[in-house]
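Below you'll find the structure, written out as structure tokens, and then a few comments.
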Amino acid sequence: MLPYAGLRQEPGSSNLSTVPQKSDIEGLLWPPVSVDENAMLAALLAQLEATQWHTPAALAENQARQLNAVAEHHKRHTPSFAGRLKASGVSTLNNLERLRHVEPLSRRDAQALGDRFFAAQVPNRHLPLGTAKTSGSTGEPVTVRKTAINRLFWSAYTIRDHLWNDRSFANRMSSIRANVSKYVDAKDWGAPVRNLFSTGEAQGIPITTDIREQLRLLRKFRPELLIIYPNNLAAFATIWEKEGFDLTSLRHVKTIGETVHAELRERIKKITGCSIEDNYSSQEAGTIAIQCKASGLYHIMSEALIVEVVDEQGERCREGEIGRVLVSDLQNLATPLIRYDIGDYAEVGPPCSCGRGLPTLKRILGRERNLVRLPNGSRNWPLVGFHSFDTVAPVRQYQLIQTSLEEIEFRIVTDQEITRDQEQGLIKIVQQALNYPFRITMVQFRERMPVGANGKFEEFVCRVP
């Protein structure tokens, strides 16, 4: 476990740095790095190469030590956290069991705190600070101050993800994401990879670019690595299935930002021959888990985070159980992200066959708004029967929006207008899969459904208060 690293504040920098608006290819919004930081990044990578093989008990011991140090700092310098700790009935968080006594912090709680969410003082060796803002896709955007140590771990985990997936840094890389404001051709992959390695050329494409124009740009550039949102990848798959796959240079497909469903994995494997390599992260906590090439499980980044999965009663879920994801940041001395309810649901995974001691998640399922609500008060994951859609009509993309306890809007993309009989057939499949006779209204689109400003898309959204 890396102890608090000795990053120094650069001369003339303020206590809270503003984040530049220009984005790098890899998507990191921070001030430029120094030579000292590069040396520290290399040292951290070497340390992470060792810690990934530690036993779960050894990892937990290091987590407890880091948790205690972070909690003691915030107890002294963040009055709102001191109040949370006092309300929990424990005076210190010097072991992981005591952490369970602290009430989870919701997005709404964090919003209500305003500037009281942040530490009044941060050690110089953790400066400069950056600011991370959630996209607000939950309707509850949150701002988090992050330290240079958070930046260091983000950089290391970004490189770890490439190394785990055997991606050659000499490859050409294309990135399609929301924080790329305009098209860019670059000589390298950008930070943090270029800080330590020579890389191939890179291409950045704004998510707002027309899908067919995106494909034209990719064909021209011919990347071996593609970084992309799952919904954007699904739109590509629809075209490739219809017109043929011609991006034969592609060797790696890394997905970010959204839940990846098994259906999309199967489609992409069949079309391209590539397996999706997923990454679970958030603006607030950074990289949370990286998918393992050996098993498909998601390894939690336990050197920097404690990730709990808890049920409706707040009890920790066992292997195979699904619950809410709580995250505790073990490095952030600017913002006490302790038992932060990130809004996601996940399934606890088993030990991984690869031999790493890092705990796992089997699946990241989505957010609470992705649960269907039934009139009897129950909530569950919406199995909508999409595997059967093609027995009725050639549905290229779908989305269900629950607008009330009795009503659902069913959006589809098809190549041509469907008949009344096909519409009724699709509605029947959904009603049977959801095990409830919802009143379903069909809305048809051509090519692709609209996405939000953050470029993200969800297949099921519940808008019932």
Side-chain angles (χ1 to χ4, degrees), residues 56-57 59-60 63-64 67-68 70-71 80-113 138-140 142 259 280 282 284-285 288-289 297-298 300-302 305-330 336-351 358-383 402 405 434-436 458 460-465:
L59 286 166
Q63 285 180 320
L67 174 65
N68 185 53
V70 169
S80 63
F81 176 76
R84 283 183 68 204
L85 198 61
K86 183 177 181 180
S88 74
V90 297
S91 58
T92 60
L93 295 181
N94 55 4
N95 65 63
L96 300 186
E97 284 305 309
R98 290 192 170 197
L99 180 63
R100 299 178 62 185
H101 294 282
V102 178
E103 189 71 19
L105 179 77
S106 69
R107 287 171 174 262
R108 192 163 296 176
D109 294 335
Q111 281 181 317
L113 287 171
T138 61
E140 298 171 332
V142 173
T259 301
Y280 177 36
S282 76
E284 307 98 297
I288 299 172
L297 299 170
Y298 290 78
I300 295 168
M301 301 295 99
S302 294
L305 300 172
I306 295 173
V307 175
E308 303 170 77
V309 180
V310 300
D311 62 21
E312 293 299 322
Q313 289 72 45
E315 296 297 320
R316 291 184 184 174
C317 294
R318 296 186 294 268
E319 180 184 324
E321 294 180 337
I322 294 169
R324 300 177 71 91
V325 177
L326 307 181
V327 177
S328 297
D329 191 325
L330 300 176
L337 281 182
I338 305 296
R339 298 205 93 202
Y340 175 63
D341 188 340
I342 205 164
D344 289 335
Y345 281 74
E347 179 182 342
V348 178
L358 299 167
T360 72
L361 302 173
K362 185 175 181 179
R363 292 183 293 164
I364 293 89
L365 291 153
R367 296 188 177 275
E368 184 173 11
R369 65 180 181 275
N370 303 131
L371 294 169
V372 64
R373 292 188 60 179
L374 297 176
N376 65 7
S378 66
R379 298 184 302 172
N380 54 58
W381 293 105
L383 301 175
Q402 185 177 7
L405 288 176
L434 293 175
N435 198 30
Y436 189 79
E458 293 164 308
F460 188 98
V461 179
C462 179
R463 291 180 179 169
V464 182

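Numbers here simply count residues along the sequence, with the first being 1.
Shortest non-hydrogen contact noted between R318 and V348 is O-CB, 3.5 Å. Shortest non-hydrogen contact noted between V309 and I322 is CG1-C, 4.4 Å. Residues Y436 and P375 share a closest heavy-atom pair of OH-CG, 3.2 Å. Nearest heavy atom pair, residue R84 against residue P336, reads NH1-O, 4.2 Å. Considering all non-hydrogen atoms of both residues, L67 and N95 come closest at CD2-O, 4.3 Å. Minimum heavy-atom separation, L305 to Q63: O-NE2, 2.9 Å.
Distance check: L337 CG to I342 CD1 gives 8.5 Å after rounding to the nearest 0.5 Å. A distance of 7.0 Å separates OG1 of T259 from CG of L365, quoted to the nearest 0.5 Å. Atoms CZ and CG, from F81 and L113 in turn, are 12.0 Å apart once rounded to the nearest 0.5 Å. Separation of atoms CZ (R316) and CD (E321) is listed at 13.5 Å; rounding is to 0.5 Å. In this structure, the separation between CD on Q111 and CG on D109 is 9.5 Å, given to the nearest 0.5 Å. With rounding to the nearest 0.5 Å, the separation of CD1 in I300 from CG in L361 is 4.0 Å.
Formation of a donor-acceptor pair under 3.5 Å by the Q402 side chain with backbone atoms of V464 is not found in this model. Of the possible donor and acceptor atoms, none in the side chain of T360 sits under 3.5 Å from a partner among the backbone N and O of P351. Side chain of R339 to backbone of S328: no donor-acceptor contact under 3.5 angstrom is found.
Between I338 and L85 there is no side-chain heavy-atom pair separated by less than 4.5 Å. Side-chain contact check for Y280 versus V307: every heavy-atom pair is 4.5 Å or farther apart.
Atom CG of N376 is surrounded by more than 12 heavy atoms from other residues, nucleotides or ligands within 6.0 Å.
Between E284 and R107, at least one side-chain nitrogen of the basic residue sits less than 4.0 Å from a carboxylate oxygen of the acidic one, meeting the salt-bridge criterion. Salt-bridge formation is not detected for the pair R324/E308: no Lys NZ or Arg NE/NH1/NH2 atom is positioned less than 4.0 Å from an Asp or Glu carboxylate oxygen.
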